[in-house]
Amino acid sequence: MTNPQAVAPLLLAWYDRHRRALPWRALPGTTADPYRVWLSEVMLQQTTVAAVKPRFEAWVARWPDFASLAAADDADVMATWAGLGYYARARNLVAAAKAVVADHGGAFPTDEATLRTLPGLGAYTAAAVAAIAFGRRAVVVDANVERVVARLFAIRDPLPGARVAIRAATDRVTPDARAGDFAQAMMDLGSGICTPRAPSCLLCPLNAECAGYRQGAPERLPAKATKKAKPRRYGTIFWVQRGDDVLLVRRPDKGLLGGMRALPTGPWVEVAPALDGAPVDAEWAMRNVAVSHGFTHFDIELTLAVAMGQAHHAVDGEWWPIADLDRAGLPTLFAKAAAAILRRDA
DNA sequence: TATACGTGGAA
DNA sequence: TTTCCAAGTAT
């Protein structure tokens, strides 16, 4: 049987030897900067460490603290986030920074419940910040912890139903002291040892306590409910060129790619919509190469429609220099389309 | 509880 | 090529 009391000492001893050095992590024995801890946690939501590292460095160089971020230009923030995905995170980052300045005297709240009231801080992030930045005991459960704990206690119920039991078990193994190190140790273990496929159980500091390992096939845990098939949609992207400029629009704040600069598109529907939703009247030239892109809940194929060198008046949007398109902050979907056009292979 | 919400890397 | 999935949150 797994002894809950044995887990934290084993894991923390392992962490002291094997912890990863990450830009947002304090050196051992020093205090982490709450701003950096929070920013890193938000960037890391559903996003890999490798993708976050360079973005984190660039962000803190530009906006090093709550005050600077609270005063940031919204379009700059969204463009700086471009390519990271889940764009509501960027909008919520600014909103939370404003709330810290306006409602909390410029100091980040230190308790989980108050942190939870800030936009973009859910159960996981509030607990992680309370533990990592402020040393509070908090039950920190992310996908790594779910996997480690499901295996440690051989919890066989499938997610998401198993979350209640997993959280209770995590509570039982979380220590009063070093709660932040414990949370990060669980995540390092999940990332490097207790991996989704082919976990390195022989190297695991918890293997003697692990019911999943003892029972065999720990890689099968946690079980997950079967997911539905992703639908496929079709749409048209409009490339409207006037001299050396191209027409960009800003997408509505709510919804997919909300608030992001973008190329104009028509509706995204079950069958190819041709020129529905064109931003101007023009002689459109349809390109042969489609842009394919996968979102979390659907795949899409987009046809490119091009209008060049025609007079376009009273257009709602910005004329953006094509040579500076890299700086427009386009989401990946539109960056792909622009690249296809500019390669002239479309 | 279920669904919307991005992206890129690994296998 | 396809599938999985990564430090989740909001509604």
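All of these numbers come straight from a predicted model, not from anything done at the bench. Letters A, B, ... mirror the listed sequences (proteins, then strands); counts begin at 1.
- When heavy atoms are screened at a 4.0 angstrom cut-off, W38(A) is found touching no nucleic acid atom at all.
- Checked against the 6.0 Å centroid criterion, the rings of Y234(A) and W268(A) do not qualify as a close aromatic pair.
- Nucleic acid contact class of R25(A) (heavy atoms, under 4.0 Å, all strands): base.
- R261(A) and E318(A) are joined by a salt bridge, as a carboxylate oxygen and a charged side-chain nitrogen come within less than 4.0 angstrom of each other.
- Comparing dA2(B), dA6(C), dC4(C) by their nearest atom to the side chain of P160(A) picks out dA2(B).
- The stretch residues 164-192 of chain A touches DNA chain C through M187(A), each having a heavy atom under 4.0 angstrom from the strand.
- As rounded to whole Å, 18 Å separates atom C1' of dT2(C) from atom CZ of F298(A).
- With rounding to whole Å, Y87(A) atom OH is found 13 Å from dC5(B) atom P.
- Put simply, H297(A) has a side-chain N or O that comes within less than 4.0 Å of OP1 or OP2 on dC5(B).
- Side-chain to base pairing of T125(A) with dG8(C): no donor and acceptor N or O lie closer than 3.5 Å to each other.
- Taking a cutoff of 4.0 Å between a charged side-chain nitrogen and a carboxylate oxygen, D74(A) and R91(A) qualify as a salt bridge.
- In this structure, the nucleotide among dA4(B), dA6(C), dT7(B) sitting nearest to the side chain of L257(A) is dT7(B).
- Listed candidates were dG6(B), dA10(B), dA6(C). Nearest to the side chain of T296(A) is dG6(B).
- Remark: the separation of the C1' atoms in dC5(B) and dC5(C) is 15 Å, to the nearest Å.
- Applying the 4.0 Å criterion to OP1 and OP2 of dT7(B), one finds that H293(A) has a side-chain N or O inside that range.
- Using a 4.0 Å heavy-atom distance criterion, G83(A) is classed as a sugar-phosphate-only contact.
- Distance, D299(A) CG to dG8(B) C1': 14 Å, rounded to whole Å.
- Here dG6(B) is the nucleotide among dA10(C), dA10(B), dG6(B) with the atom lying nearest to any side-chain atom of F295(A).
- The minimum heavy-atom distance between V306(A) and M308(A), with the atom names listed, is CG1-CG, 3.5 Å.
- F295(A) and H293(A) have perpendicular rings, their planes meeting at more than 60° on a 0 to 90° scale where under 30° would count as parallel.
- A straight line from NZ of K230(A) to P of dT3(B) spans 15 Å, rounded to a whole angstrom.
- Taking side-chain N and O atoms only, Q46(A) has a distance below 4.0 Å to OP1 or OP2 of dG8(C).
- Taking the charged nitrogens against the carboxylate oxygens, R25(A) and D188(A) do have a contact shorter than 4.0 Å, which makes a salt bridge.
- Within 4.0 Å of S40(A), counting heavy atoms only, lies no atom of the nucleic acid at all.
- The residue G255(A) sits close only to the backbone: its heavy atoms come under 4.0 Å of sugar-phosphate atoms, none of a base.
- Within the nucleic acid shown, A128(A) has no heavy atom closer than 4.0 Å to any nucleic acid atom.
- Contact annotation for R147(A): backbone-only contact, meaning every heavy-atom pair under 4.0 Å involves sugar-phosphate atoms and none involves a base.
- Spacing between dT9(C) and dG8(B) at atom P, rounded to whole Å, works out to 22 Å.
- At whole-Å resolution of the value, CG in N92(A) and P in dT9(C) are 11 Å apart.
- Closest-nucleotide positions on DNA chain C for P119(A) and L44(A) were compared, and the one nearer the 5' end corresponds to L44(A).
- As rounded to whole Å, 15 Å separates atom P of dG8(C) from atom CG of L39(A).
- Across the protein-nucleic acid pair, E219(A) atom CD and dA10(B) atom P stand 21 Å apart, rounded to whole Å.
- The base of dG8(B) is not paired with the side chain of T47(A) by any donor and acceptor separated by under 3.5 Å.
- Nearest-nucleotide assignment on DNA chain B puts the 5′-proximal partner with K228(A), out of K228(A) and T332(A).
- Atom CG of L159(A) and atom C1' of dT1(B) are 14 Å apart (whole Å).
- Using a 4.0 Å heavy-atom cutoff across all strands shown, I132(A) reaches no nucleic acid atom at all.
- In terms of polar N and O atoms assigned as donor or acceptor, the side chain of Y86(A) comes within less than 3.5 Å of the base of dG6(B) in a complementary pairing.
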**Study point:** Intermediate values then yes/no, side chain to side chain contact (heavy atoms under 4.5 Å, CB included), L248(A) and L325(A)
**Key:** CA-CA 10 Å; L248(A) 299 185; L325(A) 213 46; 4.2 Å; yes
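- Residues T332(A) and G83(A) share a closest heavy-atom pair of OG1-CA, 3.9 Å.
- Y124(A) and E41(A) share a side-chain donor-acceptor pair at under 3.5 Å.
- In this structure, the nucleotide among dA11(B), dG6(B), dA4(B) sitting nearest to the side chain of R89(A) is dG6(B).
- When each of A50(A) and L256(A) is assigned the nucleotide of DNA chain B bearing its nearest heavy atom, the one mapping closer to the 5' terminus is L256(A).
- Across all non-hydrogen atoms, the minimal contact from P264(A) to L247(A) is CD-O, 3.5 Å.
- Checking dT7(B), dA6(C), dC4(C) against the side-chain heavy atoms of P331(A) singles out dT7(B) as nearest.
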